[in-house]
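Just so we're on the same page: letters track the sequence lines, and every chain starts at 1.
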Protein chains: 4
Amino acid sequence: MGRPRDTRVDEAILAATRELLARHGYAGLTVDAVAEHAGIGKAAIYRRYATKQEMVFAAAVHRSDLAPPPDTGSLRGDLTCLVEDIVATLGNPAASSAVLGLLADLGAPSALADRFHASFVTSQRAVVAELMDRAVARGELGAPPDVDLVHALLAGPVFATLYLQRRRPDGLAERLGRMVAETLRLEDRAAGHGGHATGSAAGSPTA
Amino acid sequence: MGRPRDTRVDEAILAATRELLARHGYAGLTVDAVAEHAGIGKAAIYRRYATKQEMVFAAAVHRSDLAPPPDTGSLRGDLTCLVEDIVATLGNPAASSAVLGLLADLGAPSALADRFHASFVTSQRAVVAELMDRAVARGELGAPPDVDLVHALLAGPVFATLYLQRRRPDGLAERLGRMVAETLRLEDRAAGHGGHATGSAAGSPTA
Amino acid sequence: MGRPRDTRVDEAILAATRELLARHGYAGLTVDAVAEHAGIGKAAIYRRYATKQEMVFAAAVHRSDLAPPPDTGSLRGDLTCLVEDIVATLGNPAASSAVLGLLADLGAPSALADRFHASFVTSQRAVVAELMDRAVARGELGAPPDVDLVHALLAGPVFATLYLQRRRPDGLAERLGRMVAETLRLEDRAAGHGGHATGSAAGSPTA
Amino acid sequence: MGRPRDTRVDEAILAATRELLARHGYAGLTVDAVAEHAGIGKAAIYRRYATKQEMVFAAAVHRSDLAPPPDTGSLRGDLTCLVEDIVATLGNPAASSAVLGLLADLGAPSALADRFHASFVTSQRAVVAELMDRAVARGELGAPPDVDLVHALLAGPVFATLYLQRRRPDGLAERLGRMVAETLRLEDRAAGHGGHATGSAAGSPTA
DNA sequence: CTCTAAGCGAGACGGTACGTCGGGTCTTGAC
DNA sequence: GTCAAGACCCGACGTACCGTCTCGCTTAGAG
């Protein structure tokens, strides 16, 4: 019962967090500043989020449950598509700061650390697993490969490009999708599995 | 003139920083705690390092200029070796926390940000470039590929495994070295270059 | 038109205020706590009282308009009676906390400050004036003395005993009434007034 | 060891507290405001005082250990002198607000409550006891009266005048000293003690 | 062999942000 | 229009950390 939470306040908090995150980065983000910028009181923030980290998580990461993966008809297309999603998510400066900041802040295992993992990592992993199954169904792969490895091969280079090299990952999705698809097919064949010889398709379209 | 710096103090600072970094993570690391744990005064720290970041950098990152790359005789061996170095560097929990923390803290360009980049990223990049040249010299590749891309393909998955998946990267170097070497050869041939047909090496499965 | 105020709410507010005042003192009294303890909403409180001070005033001070002074037949008896009233009023722990708290809070002149003054101070002063007139009429005093001084002589020691010494003022009224009555008669005679020589009463020791 | 407390900071805190106390009263006094007004950080305050109350106590009450009572040669003079001291102490607007505010805030027994009592009440009580002994030694009184009662008779009216009537206590010390001295002598004789008949002295100099 | 500049542990300093709490206002849906 | 519930804005509280600044002492190398 009682007065319901004001939706405009929710949105104002998230919007302000995202803007200040983009403008000043994760370090440099102040709860007071968010409150002032959103035209609300700090209590309204802490009524929703127990800590600054929770707020940032909600503002910049939570919703990125990673949309259901569209089937492009080929492993390579699917992977490219997934990488494009990851790039799009992290390309946003707010999310970019937030993910890195949270990753650094959430050293000790905690409830939020788990939720962050679930929202960000587990969901990506699930998508990867789905794509592998599709490839097997299609006959592109004989057996589904190590999901964590594939995930690392896809998400890792995006991280490296953005956070280590501090470059825009232009064209990365395309190239990464192609390379990983090719690698997976090679590994698959080398392991003695092997779909019904779709292998040749892989060699042809270099983009 | 005057009294020279006490070497034992230098070491005590670095040791304490590394220990506390490993124990409490980058967030959770306090300059006061380092001073107390090292049995020294804060002034002794700030006489050496201008900021907490500098201290952490010196304690956990600085020396990792990445040893000169040993020539293993094959692209795949060289890459595996490099990834092993990266894994070894970041496997240490102190360095692990430190790198992530500094990455998050050093949002704005600064002198330290540049030095961090130089010590960590540029040196890795240089090694990658060297390995590419070796491969070309050996005839494994017809033309040196995009160094940044290769760097991202090597370092990225290590980051993803450690920081996103929070797993130990056991066996990652081996697999990653093989996959990337193979991918590079494929790309190279597809691009119409092509060393003197060392391609067969790709077929030899696993190791 | 509209729903009438619920009388039980009025009483619940006042009762809860008094209880919490007695239990936690003025400083530890919270409007939220009053609402919860009374099983009502804060709005019901603020609909009746503009501020926490008003509420406390109403709960613990307002009604103490100081009953009409009973004529005991002697100045000494009247004064004793008045002091007993004051002691009874402030002896209640709720009222005790409330008066002190309001006194401290109501620094700046305000409407409530005036009402507090009127309800608490002015009414006492009026009673004192009345008692003085009675004494003059009776012939115990030749001229009515400075009312404020007499008030201070009566109420002050009660305050000092309760708030400074933190003791229960047992037996204080009796002794204070006697002393002040005697003092006033002495002053009166010294000033050259003098009722019809009731002075001898002064010699009658004790009671 | 370590850097010693800066005396100027101590003084700046106390001075700022006193000024803001006088300007805005006890309620309305902010620790942040004190820090800003003193040009120091909040930490410097909380390093010295655990709470706002402690700070106010130190600034406005602590030092009022009540100077050693000067011997004026007569009970009446001594009492007048003491009341003048009390009036002088509480006449200061800062001390005035502080005493009342602390009295109201320190409802529950606590370490500070005890120290406040000791510094403010006990010291006054000790002076009163001393004056009573002097009077007995002088022969003005046959036996020392109830010290708490006398203390209440002296301090109480000052409180009542200042805090209840909100008047300046001009001329109060004089009148109060005379009245209480006279009362005590009367009580003393009535109780059957009696110094060597100095009684007549009381009647003469009315001022 | 003294003098002196610099290092040292300790800890206070000014700031700034945190997360909590209280006061007084406003809003919802039930009555 | 009142009620219980509870969200809202505001602003103070006391804590913690950063990077700086003394203190009084120790330690080496220059004269």
- Hey, mind stepping through D/V61 and D/V56 against side chain to side chain contact (heavy atoms under 4.5 Å, CB included) and telling me if it holds? CA-CA 8 Å; D/V61 181; D/V56 170; 5.8 Å; no
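- For the atom pair CG (D/L112) and CD (D/Q53), the distance works out to 7.0 Å, reported to the nearest 0.5 Å.
- Considering only heavy atoms from C-beta on, D/L29 comes within 4.5 Å of D/T17 through its side chain.
- Atom CG of A/L112 is separated from atom C1' of E/dG19 by 16 Å (rounded to the nearest Å).
- Contact between the side-chain N/O atoms of A/Y46 and the OP1/OP2 oxygens of E/dG19 is found at a separation under 4.0 Å.
- Checking D/V31 against A/V9, the closest nucleotide of DNA chain F that is more toward the 5' end is the one next to A/V9.
- Atom NE2 of D/H24 is separated from atom CD of D/E19 by 8.0 Å, given to the nearest 0.5 angstrom.
- Scanning atom types as modelled, one donor and one acceptor separated by under 3.5 angstrom connect the side chain of A/R3 and the base of F/dA7.
- Residues from residues 47-56 of chain A placing a heavy atom under 4.0 Å of any atom in DNA chain E, listed by number, are A/T51, A/K52.
- With rounding to whole Å, A/R8 atom CZ is found 11 Å from E/dT27 atom C1'.
- Side-chain contact between A/V99 and A/F116 is present, with at least one heavy-atom pair separated by less than 4.5 Å.
- Straight-line distance from the CG atom of C/D32 to the P atom of E/dC26: 17 Å, rounded to whole Å.
- Nearer to the 5' terminus of DNA chain E, by closest-nucleotide assignment, is the contact made by B/T7 (compared with the other of B/T7 and C/L29).
- With rounding to whole Å, C/H24 atom NE2 is found 11 Å from E/dG22 atom P.
- Toward the 5' end of DNA chain E, the nearer of the two residues D/A44 and A/T30, judged by each one's closest nucleotide, is D/A44.
- For B/K42 against F/dG19, a side-chain-to-base donor-acceptor contact under 3.5 Å is present.
- In this structure, the CD1 atom of B/I40 is 6 Å from the P atom of E/dG9, given to the nearest Å.
- With rounding to the nearest 0.5 angstrom, the CE atom of B/M55 is 5.5 Å from the CD1 atom of B/I45.
- When heavy atoms are screened at a 4.0 angstrom cut-off, A/A35 is found touching no nucleic acid atom at all.
- One finds no salt bridge joining D/D10 and D/R5 here, because no Lys/Arg side-chain nitrogen approaches an Asp/Glu carboxylate oxygen to under 4.0 Å.
- Taking atom CE of D/M1 as the reference point, atom C1' of E/dA12 lies 15 Å away to the nearest angstrom.
- Atom CD in B/E36 sits about 11 Å away from atom C1' in E/dA10, given to the nearest Å.
- Nucleotide F/dA5 holds its P atom 12 Å from the CD1 atom of C/I45, rounded to whole Å.
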